[in-house]
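Structure first, commentary second.
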Amino acid sequence: MRYFLVAGEASGDLHASALIRALRQEDPEASFAFMGGERMQEASGTAPIAHYSSVAFMGIIDVVKNLGTITKVGKAVQRALLDFRPDVVIPVDFADFNLRFILPFTREKLPEAKIIYYILPKLWAWRSGRIRKLRQYIHHGLCILPFEEEYFASRGLPVTYVGNPCTDAHLNYLGEHPEEVERTSLVTLIPGSRRGELKSNLPTMLDATAPLLERGYEVTIAGAPGLRQEDYTPYLKGYEGVGITFGDTYGLMRRSLLSLVTSGTATLETGLWRTPMIVCYRMGGSRVVRLGFERLFSVRFFSLVNLILDREAVPELLGDRMNSREIAEHIAPLLDKASSEREAQLRALDELCHQVGTEPAAPRAARALLALVRS
């Protein structure tokens, strides 16, 4: 079968590459074309039609300034769709691009192709009205969060929960590092993967954890892929005892007594390692930002751990609440192995792991996709 995938960022490239490998296992005759990156190229043996970096623009202003470039790439991907004539089109996350350039075009120009959306847009958080477009254009969705199946199905969109790609990465790491580890005195800071997130989050994280160095704890920053040592250096003046480690975030999570984590996929990854955490997202640090989230978004929580468990199992400090004093108030009980707060969080993380499941997502997604297409 012929598969055309569209991924627009590094995480999509990673998850789509795992899906490509799984599809090749299930369908020996598979051939691929895609927009994506090096990981998808390695998995498929085919160069991308367009690299995701060509549309990697963040924020409304940046996107508007580069609409010409985005449109040019979109048109190129559309031409490639017509040339390749796929049996299956697989958008991978990246909702704005896929909804504008891929879904309506495929329905109109390639009506015989099945559209199976992998990693559906987070409509449960915001812009829920786009569900109408998904119902109009896609044949089926493959979702990666347990609560998404009920959410989308109750709104008329056929979906299947296939597990979370974080599970695949977790299991792969364990396979490569099967040794036992001990949680001793490590506190890990995970301040985000973008320079703007470092600027917003890292200074407060450092200020809150600096006193731990005098008490014999080790404080280390998990360096993000795509960032370099010099991106962190300006923030480390006065914090010479704080380390930074690149390329082993999972190892740090696994060994940590506690992590301070900027909201995003990292919260779920930390939870799957059963590492107690404080979720921190400053976003400029104002009360207006926090109130804006509380009133404009249709969810009660902003961390994946709490969203999946549907309760505040881990503390969330957003906007003006993300300050050194409030972080310190949570740090003390969570570092105490005998405290009820730490025990309660560990029980919640066990529940999280149970809900997410332990079966790799990519093989489940490939089997579900092929069953849908063949039926």
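Quick caveat, the model's predicted, so the values are computed rather than measured.
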From CA spacing to verdict: salt bridge (charged side-chain N to carboxylate O under 4.0 Å, His left out), Arg367, Glu359: CA-CA 13 Å; Arg367 290 193 296 269; Glu359 184 180 354; 2.7 Å; yes
Parallel, tilted or perpendicular: rings of His177 and Tyr173 (30°, 60°): parallel
Side chain to side chain, Asp93 and Glu9, heavy atoms closer than 4.5 Å: yes
Asp207 side chain to Pro203 backbone, donor-acceptor under 3.5 Å: no
Within 6.0 angstrom of Arg132 CZ, more than 12 heavy atoms from elsewhere: no
Test item: side-chain donor near acceptor, Arg39 and His15, under 3.5 Å: no
Euclidean distance, Leu260 CG relative to Leu317 CG, rounded to 0.5 Å: 8.5 Å
More than 12 heavy atoms of other groups within 6.0 Å of Glu180 CD: no
Under 3.5 Å side-chain donor-acceptor pair for Thr160 and Arg364: no
Over 12 foreign heavy atoms within 6.0 Å of CD, Glu230: yes
Within-4.5 Å side-chain heavy-atom neighbours: Ser324 and Thr204: yes
Aromatic ring pairing Phe302/Tyr281, orientation class (parallel under 30°, perpendicular over 60°, tilted between): tilted
Leu304-Met253 co-clustered via ILVMFWY side chain contacts under 4.5 Å: yes
Minimum heavy-atom distance between Val159 and Glu149, given as atom pair plus value: CG2-O, 3.6 Å
Charged N-O contact under 4.0 Å between Glu351 and Arg347: no
Neighbour count >12 (heavy atoms, 6.0 Å) for atom CD, Gln136: yes
Polar contact flag, side-chain donor to acceptor under 3.5 angstrom, Tyr235-Asn201: no
Backbone N/O of Phe101 and side chain of Gln78: donor-acceptor pair under 3.5 Å: yes
Side-chain donor/acceptor of Arg183 to backbone N/O of Arg255, under 3.5 Å: no
Heavy-atom side-chain contact between Phe84 and Ile49 under 4.5 Å: no
Tyr151 side chain near Leu157 side chain, heavy-atom distance below 4.5 Å: no
Between Phe152 and Tyr117, ring centroids under 6.0 Å: no
Polar contact flag, side-chain donor to acceptor under 3.5 angstrom, Thr267-Ser303: no
Check: Glu343 and Leu346 side chains under 4.5 Å, non-hydrogen atoms: yes
Glu312, CD atom: more than 12 neighbouring heavy atoms under 6.0 Å: yes
Greater than 12 external heavy atoms within 6.0 Å of Gln355's CD: yes
Ionic contact status for Arg130 with Asp96, cut-off 4.0 Å: yes
Donor-acceptor pair, side chain of Asn164 and main chain of Thr167, under 3.5 angstrom: no
Non-hydrogen side-chain atoms of Lys133 and Leu103 separated by less than 4.5 Å: no
Side-chain donor-acceptor contact under 3.5 Å, Tyr161 with Glu148: no
Asp350 and Arg274: CA distance, side-chain angles, deciding distance, salt bridge (charged side-chain N to carboxylate O under 4.0 Å, His left out) verdict: CA-CA 7 Å; Asp350 285 339; Arg274 294 173 170 83; 2.8 Å; yes
Contact check, side chains of Met35 and Pro48, non-hydrogen atoms, under 4.5 Å: no
Any side-chain heavy-atom pair of Leu23 and Phe32 under 4.5 Å: yes
